Amino acid sequence: MHEMSIALSIVEAIESKAREEGAGSISGIELVIGKLAGIEPESLKFCFSAAAKGTLAEEALLNIEEPEGVGECGECGRRFPVSFYYAECPDCRSLRVKIVSGEEFLIQSITIEDQEGE
Amino acid sequence: MCDTCGCSTEGGAVLRKPGESDYHVHVTESSHGDSHHHQGDAHDHGHTHEHGHHHHERKSRTIALEQDVLQKNNLLAERNRGYFEARNIYALNFLSSPGSGKTSLLEKIIPALQKNVPVAVIEGDQQTTNDAERIQALGVPVIQINTGSGCHLDALMVNSAVKELELKDNSLLCIENVGNLVCPAMFDLGEALKVVIISVTEGDDKPLKYPTMFHEADICILNKIDLLPYVDFDVRQCRENAMRVNHHLEWFEVSAKTGEGLGVLQEWIENKLKKR
């Protein structure tokens with residue numbers, strides 16, 4: 001369950017950014033979690049709601065973009081979709097496949113609400 | 001509140017030393033003396049969208065972060081790595097599921113290795129100092145990290161533990177992670193190499209079932225090969241599976257019990273130490 005410690009670190013990072021901006025609350029969070037990043041988005045959402053309790057991000061909606069895994073063959077250079085690390089090139093059957101996309105794990109942006117009455 | 005020292009810390013990791021029941025250090029942010037204002041400092045505020053002068057309305061704006069979620073851990077891991085490099089300390093992160101023989105392997109290779117290089121150990125477990133006691137019996141400096149509910153070691157825990165260990169220059173640091181083939185793969189500790197251990201009492205498809213760990217590792221050690229006559233474990237198949245996930249893996253076959261294969265492993269580590 002490393003999703004819990006990850007949820008906590010996301011809350012910490014976005015709260016610190018929101019405070020820097022003088023925000024009253026955080027209403028939205030855009031995350032990018034590649035399909036090969038080793039994170040279960042559903043599990044992260046579940047943990048996030050617990051991790052965000054009592055913080056500026058308590059009401060925030062999580063929006064998760066999940067880029068597909070893409071591999072590049074080290075022999076013939078072909079690019080193709082991969083869902084595992086042990087992908088095989090569909091053309092030349094080589095196992096020397098480099099992952100070029102799908103491992104992203106980013107906080108893309110946050111949407112903040114200014115404090116009321118300003 | 002912490003039951004042992006009565007401080008206000010809730011949960012979290014604790015450092016312990018075998019045989020010193022009153023030694024008890026909480027791993028906290030302040031223990032590494034950095035206020036960590038790194039977040040977002042690489043980005044200016046050019047992405048914000050102001051909406052004019054609506055004085056009594058709540059204003060909504062989107063702020064770009066484009067920040068790696070694991071940035072904080074990764075930055076601290078790099079600090080650990082820099083410290084190790086400066087003092088020429090070679091750190092190995094040992095990873096496996098529980099019961100594959102990480103501690104037994106360390107008990108066997110450390111006495112041989114420490115003839116040529118000083119060795120220290122960081123032990124990670126949810127609870128107990130059992131493993132640290134086994135390592136202490138070898139006469140090497142050791143500290144136990146109890147992660148409590150945590151399923152992995154992180155760079156902050158290692159940073160705190162390193163400060164409590166008297167590490168020598170030009171030494172070898174073995175970090176035994178929490179027994180878990182999933183979560184520890186994501187957390188860089190600042191090690192030079194990740195070592196994954198599997199044993200022949202597990203399935204030979206383990207590298208395919210837990211590919212992230214094998215993908216991240218630099219070395220794979222197959223342990224308990226003395227038991228091969230009694231189990232249905234296909235070594236060739238397992239090695240092939242591991243290589244499919246990560247064709248850069250260095251592969252070793254050993255028995256921590258009988259000592260078979262440990263000479264080759266020891267020689268490989270010693271060569272790495274010479275080349276650093």
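On a predicted model such as this, the values are computed, not experimentally measured, just so you know. Residue numbering restarts at 1 for every chain, and letters A, B, ... go by the order of the sequence lines.
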Are side-chain heavy atoms of A/Ile112 and B/Lys59 found at a separation under 4.5 Å?
no
Quick one: does A/Met4's side chain get under 4.5 Å of B/Cys151's, heavy atoms only?
no
By a 4.5 Å heavy-atom criterion (distance strictly below it), what part of A/Leu36 contacts chain B: side chain, backbone, both, or neither?
neither
Would you kindly say whether B/Thr62 and A/Thr111 are connected by a side-chain donor-acceptor distance under 3.5 Å?
yes
Measure across A/Ala13 and B/Gln67 and return the closest heavy-atom pair with its distance rounded to 0.1 Å.
CB-NE2, 3.5 Å
Which value, rounded to the nearest 0.5 Å, describes the distance between A/Ile10 atom CD1 and B/Leu65 atom CG?
11.0 Å
Can you confirm whether more than 12 heavy atoms, excluding those of A/Glu59, are under 6.0 Å from its CD atom?
no
Which bit of B/Phe187 is near chain A, if near means a heavy-atom gap under 4.5 Å: side chain, backbone, both or neither?
side chain
Please flag which part of A/Glu88 lies under 4.5 Å from any non-hydrogen atom of chain B: side chain, backbone, both or neither.
side chain
Are the side chains of A/Lys17 and B/Ile63 in touch, meaning some heavy atoms are under 4.5 Å apart?
yes
Value for CG (B/Asn246) from CG (A/Leu95), rounded to nearest 0.5 Å, stands at 12.0 Å
Contact origin within A/Val97 toward chain B - heavy atom pairs under 4.5 Å:
backbone
How long is the gap from NZ on A/Lys98 to NE2 on B/His247, to the nearest 0.5 Å?
10.5 Å
SB check A/Glu21 B/Arg61 (cutoff 4.0 Å):
yes
Which answer fits A/Ala23, side chain, backbone, both or neither, if we ask what part of it has an atom under 4.5 Å from a heavy atom of chain B?
neither
Can you tell me how far OG of A/Ser9 sits from CG of B/Asn73, rounded to the nearest 0.5 angstrom?
8.5 Å
Taking atom CZ of A/Phe80 as the centre, does the number of heavy atoms from other residues, nucleotides or ligands within less than 6.0 Å exceed 12?
yes
Mind listing the closest non-hydrogen atom pair of B/Ala64 and A/Ser109 along with its distance?
CA-CB, 3.9 Å
Which heavy atom of B/Cys183 sits nearest a heavy atom of A/His2, and at what distance?
SG-ND1, 3.2 Å
Mind checking whether A/Glu30 and B/Glu66 have side chains closer than 4.5 Å, heavy atoms only?
no
Side-chain touch B/Val69/A/Ile6, heavy atoms, less than 4.5 angstrom
yes
With a 4.5 angstrom heavy-atom cut-off, which part of A/Glu15 approaches chain B: side chain, backbone, both or neither?
neither
